[in-house]
Structures are given as C-alpha cells and as structure tokens.
Amino acid sequence: MALSANLFLRQSQSLVMTPQLMQSIQLLQMTHFELTQFIAQEVEKNPLLEFTSNDEDIGNSNEREAKDERYDTADESHGDDGSDRNSGDLKSDWYESENTGHADRLNDELDTNFSNVYPDDGAPQRADAPELLSQWKSMPGGEAGESYDLDDFVAGQVSLRDHLNEQIPFSLPVMADRLIAQHFVDQLDDCGYLQVDLREIAERLGTTQGDVERVLGILQQLDPPGVFARSLSECLAIQLRQRDRFDPAMERLIQNLELLARRDFATLKRLCGVDEEDLLDMMGEIRQLNPKPGSGFETGISEAITPDIVVRAASDGSWLVELNPDTLPRVLVNQSYFASVTKTSQDHAFLSECLQNANWLTRSLDQRAKTIMKVASEIVRQQDAFLIHGVDHLRPLNLKTVADAIKMHESTVSRVTSNKYMLTPRGLFELKYFFTVSISAVEGGDSHSAEAVRHKIRLLISRESPETVLSDDDIVDTLKKGGIELARRTVAKYREAMNIPSSVQRRREKRAIAKVANF
C-alpha cells in the first residue's frame with residue numbers, strides 16, 4: 001500500500017479555557033484582600049489602568065470641609081472696623097486696661113504705689129502664644145492643633161516576650177544564662193507554653209543539660225505565673241506552688257487531669273485520699289488558675305471581617321440587598337491617555353494589548369459584582385424566615401437550588417459563596433452558612449435545616465438541671481414531638497461536633513457545680 005498525503009476539512013466544537021476566562025473564574029472566588037492585591041499588580045503592569053478607592057474621595061471631601069471651616073473662622077475673626085483682631089486679643093486688652101485703671105485709683109486714694117513689681121506675673125499670656133505652644137506639644141491644641149493626634153496618647157501594647165525580657169536581667173545576672181533564657185523566650189507559643197526538648201537545646205547551645213534545667217526553673221518563677229510550662233499539669237503546678245497550695249493531694253489531682261475532665265469524682269477521691277468536700281474545694285482552686293498565662297498579652301493585630309453584602313430591612317417589609325462599596329475597588333481605563341500616547345508612540349501593539357486587558361478586567365469586575373448580587377439576593381429570598389425569626393427558621397438549602405433560580409452553574413455559585421460574608425440584622429454570616437442539609441420531618445411535614453436542628457439540641461441541653469439531664473434517646477424523643485425525625489447516632493454526632501459531653505459527664509459536672517455553689 002502506497003503512502004500518500006491527503007488534505008481533509010473537518011468541523012468540530014471544543015471548550016477552550018482562555019486566559020481571560022480563567023481570570024474571570026479566579027476573580028469570583030477571591031476575597032476582598034486578594035482582589036485588592038491582584039488589581040494593584042495589574043495597575044502596576046498596565047499604564048492605562050488607574051486604581052482609585054473610596055478613601056481618596058473621603059479625604060478630598062474632608063480637606064474641602066477643613067478649608068471651608070478655616071475660611072469661616074477667618075471671617076469671624078475680623079472686627080467691625082475691618083481689623084484682624086480675635087476674641088482672645090480683645091479679652092487680653094480689656095484685662096490689661098481694667099487692671100491698670102483699678103491700680104491707678106488705689107494709688108490716688110491711699111497715697112501708695114500698687115504697681116506690679118513682678119513683671120513676669122502680669123496679665124495672663126495669650127492662649128495662642130507660639131513660644132508656649134512650642135513647649136507644650138503634648139497638650140491638646142499644640143502646634144495650632146494641626147498635628148494633634150489622639151493615638152500619641154495611647155499606651156503601647158506590651159507583648160509577652162517584651163514583658164519577660166524586662167524581668168530576665170534581674171533574675172539571671174550571668175550573660176551565659178541570659179543567652180539560654182533568650183532562646184527559651186523565642187520558643188514560646190502564644191499561650192506561654194514551651195514545647196522543646198531540653199537535651200536538644202543543650203546540644204545546640206553547647207552547654208550542659210543541668211544548666212538548661214536550672215535556667216528553665218528560674219524562668220518558671222517569672223510573671224505571669226505558669227509561663228514556660230511544658231504541659232497543662234506543669235502550668236497549674238507552677239501557679240499552685242507560688243500560692244503555697246501544692247500539697248500531695250493537689251499534686252495527685254494535677255497528675256490526673258483526664259479523670260477531672262471526665263468528672264470521675266469517685267476515682268479522684270480515692271487517689272487523692274480526700275472526702276467530697278475537700279475535693280470540691282480543690283476543684284474551686286483549680287478553676288481560679290490561668291491555663292493560658294500568655295493569652296493576656298498582645299499577640300498581633302486583629303482584623304475585623306469586612307462584609308461583601310449588606311442586608312437591611314426596607315420600609316415596605318422587604319429586604320434591601322446591597323454590595324458593600326468598601327469591597328468594590330474602582331478601576332478606571334484612561335482612554336484619553338491612550339489616545340494621546342498612540343499619536344506619538346511607535347509601540348501601538350503594546351498599547352492595544354494593554355487597552356484590551358484593561359477593558360477585560362473592568363468587565364470581569366463588573367460581572368463579578370453582578371454575580372455576587374444575584375446569589376446574595378436569592379439567598380435572602382430563600383432565607384427570609386431566618387432573617388425575621390432567627391436560626392430556628394433556617395431553611396435547608398443547597399447550591400443546586402440557588403443555581404437553578406439564577407440560571408447559573410453550581411460551580412459558579414460555589415465560587416461566589418467561598419470566603420464571602422453577609423451583614424444582616426441577625427449578625428455577620430458567611431454565605432456558606434445558609435447552605436445546610438435537609439432533615440426530614442415527621443409525617444411528611446416541612447423539612448428542617450441541620451443548623452436549626454443543632455440549635456434546638458443546644459437549647460435543650462442548656463436548659464437541663466442536675467436532676468433532669470437528657471440522654472441522646474431523650475433528645476430524639478423530644479425532637480420527634482416537635483416534628484423532627486432524627487436518629488440517635490445523628491444526635492450523638494451533632495452533640496460531639498458542638499463539643500458537648502455525654503449525659504453522664506454532664507450530670508457529674510452539673511452536680512459538682514451545684515455543690516460548689518451551695519458550698
């Protein structure tokens with residue numbers, strides 16, 4: 001068979017992911033911070049893009065208001081004769097003339113001299129004296145009030161490491177011990193615990209393990225009590241030693257914290273050799289200790305979550321769904337700059353590509369905002385009862401229901417609801433919070449949301465008393481009476497997910513708390 005070259009014409013369809021399409025998909029799932037960083041990079045690369053924010057407009061309006069206020073103040077300072085004297089000058093002149101006239105009358109009537117022999121103790125200095133304001137910069141209004149800032153008077157936050165570094169020189173005079181102590185300080189976590197191997201520390205620093213243990217023992221005596229502990233039991237033991245309450249019975253209790261967590265009081269009384277009254281007293285002392293000694297210090301800057309959607313009640317009883325303008329960066333395409341540069345520039349291809357990318361970015365951002373708005377509006381429509389009555393009326397909802405309602409794909413809805421937050425009259429919630437599985441109802445009634453069922457279980461357990469602690473079977477029967485069909489293993493799974501102990505542990509805990517309260 002002879003080989004030959006042939007030419008065929010075929011027509012086919014295929015789905016191609018262009019870079020622009022991939023960029024649009026990525027923009028949907030970006031958070032506000034990630035979107036701001038991405039736009040800043042694009043503005044840096046593209047000369048036709050301009051990134052403006054709402055802060056610039058607010059700053060310009062504040063500047064205009066300040067200028068108008070200065071103009072008003074200048075107009076009020078002019079007198080009737082057109083002179084530029086303010087109220088402070090008139091008050092000072094009146095004080096001087098009144099005081100001088102009174103002294104002259106006394107001199108004539110009593111034939112003596114009441115003139116001021118202390119020149120520095122005359123009329124009070126003018127409040128706007130520049131030589132005084134330059135010295136009193138810490139006073140409100142110093143330097144004409146332009147550079148006055150309340151943040152200058154706020155005390156700085158002290159971190160745990162700074163607090164410990166201030167105490168180490170007084171406890172460890174030897175420089176070699178300070179180096180070991182500094183290494184321990186660097187290994188502390190945010191709670192004040194030390195998770196290191198002393199043998200490895202000794203080998204790394206080229207010293208003996210005995211010196212390392214000796215320095216650690218000194219460091220464990222510093223403030224706050226319990227710092228530099230390697231476990232919870234050691235942290236509590238350090239605090240009890242400083243209170244002179246670490247007796248043999250308390251030591252056995254600290255060594256068996258797992259029994260205390262399970263509320264196994266019978267075993268604890270046997271191990272500690274105490275009666276029930278002494279055990280309750282020991283437990284009360286442990287509750288007064290701090291299991292995280294480093295938590296009271298500044299660890300970092302906490303940033304508040306900025307909502308992407310804001311929901312408010314309208315006057316007609318409906319809900320107003322709006323995009324938060326603070327999360328919508330303004331990107332402008334400078335068409336005039338493109339027109340002026342293309343007339344003189346030789347690189348038309350580069351500028352045309354920049355213009356195309358800029359237009360695509362602005363369209364993608366606009367499409368992103370519209371998609372978020374559609375998804376949020378549909379969620380509000382579906383969860384209207386939750387916004388009115390609370391979590392008990394949260395409806396079961398899935399991505400397919402929202403996607404079919406707004407004529408979009410489920411993956412698009414999933415990307416939109418990822419790391420997006422909605423501010424409602426009920427609080428701030430992530431969009432994924434409104435998507436919960438369905439729990440079947442009794443006798444074909446309306447299904448219930450899993451989050452609403454968990455809330456009901458939490459309320460039932462919170463209302464328990466030491467004599468009426470509900471088991472998982474009791475919770476199942478109570479929910480069934482309320483129209484919720486739920487299996488016992490599902491109740492146990494929900495209870496464990498909410499970190500709620502079993503009925504046996506809850507009964508022990510409630511009885512212990514009641515006895516401590518009565519004691």
Undergrad: Considering residues at least two apart in sequence or located in another chain, which fulfil the side-chain contact (heavy atoms from CB on, under 4.5 Å) criterion with Arg199?
TA: Asp197, Glu203, Gln209
Undergrad: For Asp477, give me all partners under side chain to side chain donor-acceptor pair (under 3.5 Å), at least two apart in sequence or on another chain.
TA: none
Undergrad: Can you tell me if Gln356 has over 12 outside heavy atoms packed within less than 6.0 Å of its CD?
TA: no
Undergrad: Find the distance between CD1 (Ile39) and CD (Glu44) and round it off to the nearest 0.5 Å.
TA: 14.0 Å
Undergrad: With sequence neighbours excluded, what pairs up with Arg363 under the side-chain contact (heavy atoms from CB on, under 4.5 Å) test?
TA: Asn359, Trp360
Undergrad: State which residues pass side chain to side chain donor-acceptor pair (under 3.5 Å) with Asp366; sequence neighbours excluded, sorted by chain then number.
TA: Lys370
Undergrad: With sequence neighbours left out, what residues match Asp384 under salt bridge (charged side-chain N to carboxylate O under 4.0 Å, His left out)?
TA: none
Undergrad: Name all residues meeting the salt bridge (charged side-chain N to carboxylate O under 4.0 Å, His left out) criterion together with Lys292; count only those two or more places apart in sequence or in a different chain, and write none if there are none.
TA: none
Undergrad: What residues form a side chain to side chain donor-acceptor pair (under 3.5 Å) with Thr401, not counting sequence neighbours?
TA: Asn398
Undergrad: Applying side-chain hydrogen bond (donor to acceptor under 3.5 Å, both in side chains) as the test, list every pair that has at least one member in residues 31-40; sequence neighbours left out.
TA: none
Undergrad: Show me, pair by pair, the donor-acceptor contacts under 3.5 angstrom made by side chains of residues 413-422, not counting sequence neighbours?
TA:
| residue | atom | partner | partner atom | Å |
| --- | --- | --- | --- | --- |
| Thr417 | OG1 | Val413 | O | 3.0 |
| Thr417 | OG1 | Ser414 | O | 3.1 |
| Lys420 | NZ | Leu28 | O | 2.8 |
| Lys420 | NZ | Met30 | O | 3.3 |
| Lys420 | NZ | Ser418 | O | 3.1 |

Undergrad: How would you list, by chain and number, every residue that makes a salt bridge (charged side-chain N to carboxylate O under 4.0 Å, His left out) with Arg312, sequence neighbours excluded?
TA: Glu322
Undergrad: List the residues meeting salt bridge (charged side-chain N to carboxylate O under 4.0 Å, His left out) with Arg368, not counting sequence neighbours, and say none if there are none.
TA: none
Undergrad: Who passes ring pair (Phe, Tyr, Trp, His ring centres under 6.0 Å) against His393, sequence neighbours left out?
TA: His389
